[in-house]
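The next block holds one structure in the form of C-alpha cells; read it before the comments.
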Amino acid sequence: MADSASEAERYDPQAIERKWQLVWDAENTWVVANPGSPEFDDSVPKSYVLEMLPYPSGEPHVGHLKTYSVGDAIAHFRRRRGYSVVHPMGYDAFGLPAENNAIQTGEHPRDATEKSIASFREQFKRWGISIDWSRELGTHEPSYYRWTQWIFLKLYERGLARRHEAPVHWCPKDQTVLANEQVIDGHCERCGTLVVLRQLEQWFFRITEYAQQLLDDFELLDSWPENVITMQRNWIGRSEGAEVIFTCEEPALDFPVFTTRPDTLFGATFFVLAPEHPEVERLAAGTEHEEAVRDYVNASARASAEERADEEHQKTGVPLGREVVNPVNSERIPMFVADYVLMEYGTGAIMAVPAHDERDYEFAKAYDLPIRRVIEGTDRPDETGGSSASPAEPPRTNDDEGLPYSGDGRMVNSGRFDGKDNREAHEEIVEWLASEDRGKSAVNFRLRDWLVSRQRYWGAPIPILYCDECGTVPVPEDQLPVLLPDIEEYAPKGKSPLAAAEDWVRTECPSCGGEASRETDTMDTFVDSSWYFLRYLDSRNDEECWARDVADYWMPVDQYIGGVEHAILHLMYARFFTKALHDIGLLEAREPFANLFTQGMITRDGATMSKSRGNTVSPAEYVERFGADSLRTYICFMGPPIKGGDWSDEGVEGIFRFLARLWRLGREVADRTESGGSTDGAAEEARELLAKAHWAIDKATRDIEPRFQFNTAIAAVMELVNDIYRLKDGLLSQTGGSSASPEESPGTTTGAAAVRFATSTAASLLFPFAPHLCSEVYEWLAGERVWEQPWPEADPDLLERDTYMLVVQVNGKLRDRVEVASDTAEEELLDLAKSSENVQRHLDGKAIAKEIVVPGRLVNLVVKG
RNA sequence: GCCGGGGUGGCCAAACUGGUCUAGGCAGCGGACUUAAAAUCCGUGGCCCCUUCGGGCAUGUGGGUUCGAAUCCCACCCCCGGCACCA
C-alpha cells in the first residue's frame with residue numbers, strides 16, 4: 001500500500017509525455033492553415049521556423065536532438081508571442097549511405113530509407129517536437145522529385161542548367177563525380193578517398209551567373225552569423241583586377257591572363273600555363289621540349305589534387321620553348337608549364353612577376369630566371385613589407401633584398417610610370433591597355449559552376465533524353481516524374497547503375513518519335529535540399545510545385561536552424577535556387593533564410609561522437625530513462641546553444657532532478673491552494689516572490705530571443721523555483737494576507753495566490769524546453785493549456801526594486817554595502833557611505849580627493865597617500 | 001601563413017552598455033529525516049592569512065588607459081573552427 005502510494009507521488013515522465021503527445025496528435029495542435037483555406041486567419045502575423053531537414057540514416061542522434069530542441073523552443077516561444085508559426089518536417093532521403101548499404105546487403109535503398117524515416121518520425125514524436133505533420137515529405141517520393149525534375153527543366157529552359165565537358169573531381173571509391181564544394185582538402189567529402197581529376201561531360205548549374213548577387217544580397221539578410229557570411233564570401237572569392245592579353249607570335253595565339261596587379265606588368269619576366277591548359281600540346285608540338293612537356297603534363301595528371309596543393313611541394317615546371325610578348329613593353333618572355341598554376345582559376349595562364357609574388361619568386365629562384373623589381377616600398381616602416389633596406393641607404397637596384405615584396409610603393413623600371421604611386425599606376429595602366437585593346441579591367445570569381453550529375457542510383461533521375469536526330473531533349477512536363485526504375489545491381493561501375501536498366505533507358509523521342517535514350521545520371525542530393533523549404537508550404541499540391549501566393553505568404557524562413565557544417569554547401573545552393581526561382585517568376589523572395597542560427601556540436605569526453613569511437617549517445621535510451629523533457633532541457637542548459645558542449649550523464653540527471661522538483665512543487669501548490677486568489681495588496685514575502693517571478697519572466701524572455709541564450713533562461717527559472725521552495729511554507733501557512741477579508745480561506749490568501757502564480761509562471765516559462773511537464777503543471781494550477789496562453793509579460797512595477805545594496809568603495813576596493821531606498825539622492829548616498837565604520841577606517845582621516853557616485857550602484861571615495 | 005571565435009572555482013558555465021567576479025547546474029562537504037540506505041529538504045562552497053571583526057591575492061601571461069577593467073588598448077602564450085599555390 002505504502003509503496004504504491006509513493007509510486008503515484010513520483011514524477012513519471014513516461015506517463016506525462018504520452019498523455020500530452022496523444023492530445024497534440026489527436027487535436028492536430030501544431031497544424032497551421034495556408035492562405036486560401038477556410039481556417040486561415042490573416043489577422044495574425046506569420047513566422048516560419050525551420051530546422052535543417054535530417055538525412056534519415058539509422059536513428060536520430062544527439063545532433064538532431066539539439067537542432068530540434070532549439071528550433072522547437074523558438075517555435076513555441078513565437079506561437080505564444082502571437083505568431084502563426086509554420087514548423088514542418090521532412091527527410092533528405094536520397095543519397096549515398098542508403099545506396100552503399102544496398103550494395104552490401106542487397107536491400108533496396110527505398111526500404112532501408114523508409115525504415116529509417118519511420119524511426120526518425122517515431123523519435124521526433126517521442127521528443128514531443130511541435131511539428132505540423134500534415135506537411136511531411138521525403139525527397140525520394142515521386143510526388144516530391146517530380147518537382148525537383150520540373151525545376152531542373154525550368155533551369156534548363158533558362159540556360160542555367162547545361163551539359164559540357166570539363167575537368168571534374170572524381171571519387172574512385174564512390175565511383176562518381178563530385179562538386180567542388182564536396183572536395184575537402186583533396187578528399188571526397190563523403191568517404192574521405194583522395195579524388196582525381198577527370199575530363200568528363202557533365203551537367204552543371206550555372207551558379208556563377210549569380211556570383212555577384214550572392215555577395216550583394218547579404219545585405220538583404222536580417223541576422224546571419226558573421227563567420228558564415230565570411231566563409232561564403234571567401235568561397236565565392238571575388239577579385240578585382242584586369243584581364244591582359246599576352247601574344248604568342250609562333251604559333252600565333254593570344255593568351256589572356258587575369259591579374260589583380262596590373263601595376264606590376266613591367267616586372268613580368270616569364271609566363272606560365274597550367275598543365276591542363278588546352279594549348280599546351282600545340283605549343284610544344286615540334287619543339288625540342290615536346291617530350292619533356294608531355295611527360296610533365298602526364299605526371300601532373302596522375303598526381304592527386306592533394307599532392308599538388310601540398311605546401312612542401314616544390315615548385316616544378318618545364319619550359320615550352322616559346323615566348324609571349326608583354327603588351328606594356330613589347331618584351332619577349334619565355335613560356336613554361338607548371339602545376340602551381342591552376343586551370344580552375346582565372347584563364348589557366350599567368351604572367352609571372354617574381355619580384356612581387358611569392359610563388360613566382362620561388363619558381364624563378366628554382367629555375368634561375370630573372371627577377372626585376374618594379375615597386376619600391378616607401379620609407380614609412382609600416383608599408384615597407386619586409387624590406388630590410390634602411391632609409392638612409394640609397395635604393396637598391398641590383399639585388400633581391402626584401403623580395404618578394406607585395407606591398408605598395410613607388411614604381412621603378414616601369415617606363416613612363418616610374419616614380420608614380422603604384423595604386424595610381426594600376427588605374428592608368430589598365431586604361432592605357434584598354435585604349436590599345438590589349439586588356440581591360442576585370443572581376444574574377446573563385447566560385448565554379450555547380451556540378452550536379454552523379455553516376456549513382458539513389459537520386460532523382462535527370463529528366464533529359466538524347467536523340468540521334470534531335471540531340472538533347474528535355475522530358476516533356478506532362479511525362480514527369482521520370483520514375484527511378486528498380487534494378488538488380490547497385491554497385492557503380494564507372495557509369496550510373498541506371499544504364500543497366502535497358503528497358504528504361506530506351507525510349508521514344510517526344511520530338512521526332514524516333515528512338516532516344518535517357519540520361520542515366522541522377523542529381524546531387526543537394527539539389528533536393530535546395531528547395532524543400534518551399535515544398536513544405538504546399539506539400540500536397542499535385543498541380544504545381546507550390547501555389548505562388550502560399551509561398552509568398554510564408555517566405556522567407558524567419559528562423560533557420562542547423563549545423564555550421566552546412567555554411568557553404570547547402571546554404572549557398574539554397575540561396576542560388578531562391579534567386580533563380582525568383583527570376584523564373586515562381587517566387588517573390590530573393591533570399592530563403594532571413595535569420596540563421598548555427599548551433600555548436602556536442603562532444604563526449606571531448607571528442608566528436610562517432611560509432612567507431614564508441615562514444616555515441618543514443619537519445620532513445622535517455623528518453624527511456626529520463627523522459628524527453630529532461631533531455632531537451634539538458635541540451636538547452638549545457639551551455640549557449642551556439643557553442644558546443646561536452647555531454648555529461650550527471651548533467652542530465654541534474655535536470656531530471658530539477659524537473660521532478662518542479663513537479664512536486666506543482667503537486668503541493670495545487671493541493672494546498674485554490675485558484676482564484678488575488679495577489680493585490682500582497683506584502684513583504686509575497687511581494688518578494690511576485691517580484692522574483694516577474695524578474696524571471698523578464699530575464700527568460702530576453703534570453704530566449706534574440707539572444708538564443710537558453711541556458712541562462714533556464715537558470716532564471718531554477719532561481720525562481722528555488723525561491724518558491726524557500727518562501728512557500730511561510731506564505732502558505734498565513735491565514736490571511738494584509739488585505740485578507742474575513743471569508744478568505746487559507747488557500748486564497750495573497751500569499752497563497754503569489755505561490756500559485758509563481759509556480760505556474762515557472763511552468764509557463766519552462767514550457768518551450770519541457771513542454772510535456774509544463775503542460776501538466778500549468779493545467780493543475782491554471783486550469784488552462786499553457787500553449788494556448790500568451791507568453792507572460794513582466795510587470796514593470798514589480799521589476800522596480802524599492803531598495804538596493806549600495807556598494808561603497810575606497811580607492812576602488814569594496815569596503816561596505818549599505819541597503820538604501822531606490823530614490824535616495826546623491827548627497828545622501830555620499831553621507832551614508834562616509835558614515836560606514838569600515839569606510840572610516842580605510843579613509844584613515846585622509847582628505848577625500850574625489851567622490852564618484854553612481855546612483856543605483858555604488859559610491860567610490862578616492863583618497864591620496 | 002591568412003581570417004574568425006575563445007581562455008573565468010575541481011568541471012559545464014554567468015556577469016547584456018567598464019561598476020559587488022563566479023548566477024544556475026554538476027561534483028564535493030555538513031546537517032535534517034531514516035534502524036540504515038536511497039530519495040528528499042536545508043546549509044556550505046575561489047585561494048591564502050586571521051579565533052572573530054577583518055585583510056591580502058585572484059578572470060591565460062606582461063604592460064597600459066580609468067576613480068574603477070573579465071569587459072577597452074598594446075604585446076605575447078595557448079586552444080578551437082574556417083580557408084590555404086585564388087595570380
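Computed from a prediction, not measured in an experiment: that's the story for all the values here. In what follows, every chain begins at residue 1, and chains take the letters A, B, ... in the order their sequences are listed.
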Reckon A:N722 touches a base, only the sugar-phosphate, or nothing at all at heavy-atom distances under 4.0 Å? sugar-phosphate
For A:F270, which residues count as a ring-ring contact (aromatic ring centres under 6.0 Å, His included) partner, sequence neighbours excluded? A:F336, A:F363
Does any N or O in the side chain of A:R604 come within less than 3.5 Å of the main-chain N or O of A:V617, such that one atom is a donor and the other an acceptor? no
Expressed in angstrom and rounded to an integer, what is the separation of A:I350 atom CD1 from B:C85 atom C1'? 10 Å
If you write RNA chain B from 5' to 3' in dot-bracket form, with Watson-Crick or G-U pairs under 3.5 Å, [ ] for crossing pairs and | for pairs with another strand, what do you get? (((((((..(((......[....))).(((((.......))))).((((....))))..(((((..]....))))))))))))....
Rounding to an integer number of Å, can you tell me how far A:W224 CH2 sits from B:G82 C1'? 16 Å
Need one value for A:R448: base, sugar-phosphate or nothing, where a base atom within 4.0 Å counts as base even if backbone is also close, heavy atoms only. nothing
Using a cut-off of 4.0 Å between protein heavy atoms and nucleotide atoms, how would you tag nucleotides 4-14 of chain B 5' to 3' with B, S and -? S-------SSS
Return yes when atom CE of A:M609 has more than 12 non-hydrogen atoms of other residues, nucleotides or ligands closer than 6.0 Å, and no otherwise. yes
Which whole-number value in Å describes the distance from A:F363 CZ to B:A87 P? 19 Å
When the ring planes of A:Y622 and A:F626 are compared, do they come out parallel, tilted or perpendicular, using 30° and 60° as the limits? parallel
Any base atoms under 4.0 Å from A:G346, or only sugar-phosphate, or nothing? Heavy atoms, all strands. nothing
In whole angstroms, how far is the P atom of B:G24 from the CG atom of A:L662? 17 Å
Using the ring of each side chain (for Trp, its six-membered ring), is A:Y11 parallel, tilted or perpendicular to A:W663, with breaks at 30° and 60°? tilted
Residue A:R657, side-chain heavy atoms: nucleotide from B:G25, B:C26, B:G82 that is nearest: B:C26
Check whether any side-chain N or O of A:K66 sits under 3.5 Å from a backbone N or O of A:G644 as a donor-acceptor pair, and report yes or no. no
Measure the acute angle between the ring planes of A:W450 and A:Y573, then classify it against the limits of 30° and 60° as parallel, tilted or perpendicular. parallel
Given B:G56, B:A87, B:G54, which nucleotide is nearest the side-chain atoms of A:R841? B:G54
Starting the side chain at C-beta, find the nucleotide from B:G56, B:U40, B:A84 nearest to A:R446. B:A84
Under 4.0 Å, heavy atoms only, any strand: does A:D360 hit a base, just the sugar-phosphate, or nothing? nothing
Residues in ring-ring contact (aromatic ring centres under 6.0 Å, His included) with A:H356, at least two apart? none
Would you mind classifying the nucleic acid contact of A:S648 as base, sugar-phosphate or nothing, using non-hydrogen atoms under 4.0 angstrom? nothing
Would you give a per-nucleotide map of nucleotides 64-73 of chain B, 5' to 3', where B means the base has a protein non-hydrogen atom under 4.0 Å away, S means only the sugar-phosphate does, and - means neither? ---B------
A:H277 meets the ring-ring contact (aromatic ring centres under 6.0 Å, His included) criterion, sequence neighbours left out, with A:F255
Value in whole Å for how far the P atom of B:G82 lies from NE2 of A:H566: 14 Å
Using a 4.0 Å heavy-atom cut-off across all strands, classify A:H842 as base, sugar-phosphate, or nothing. sugar-phosphate
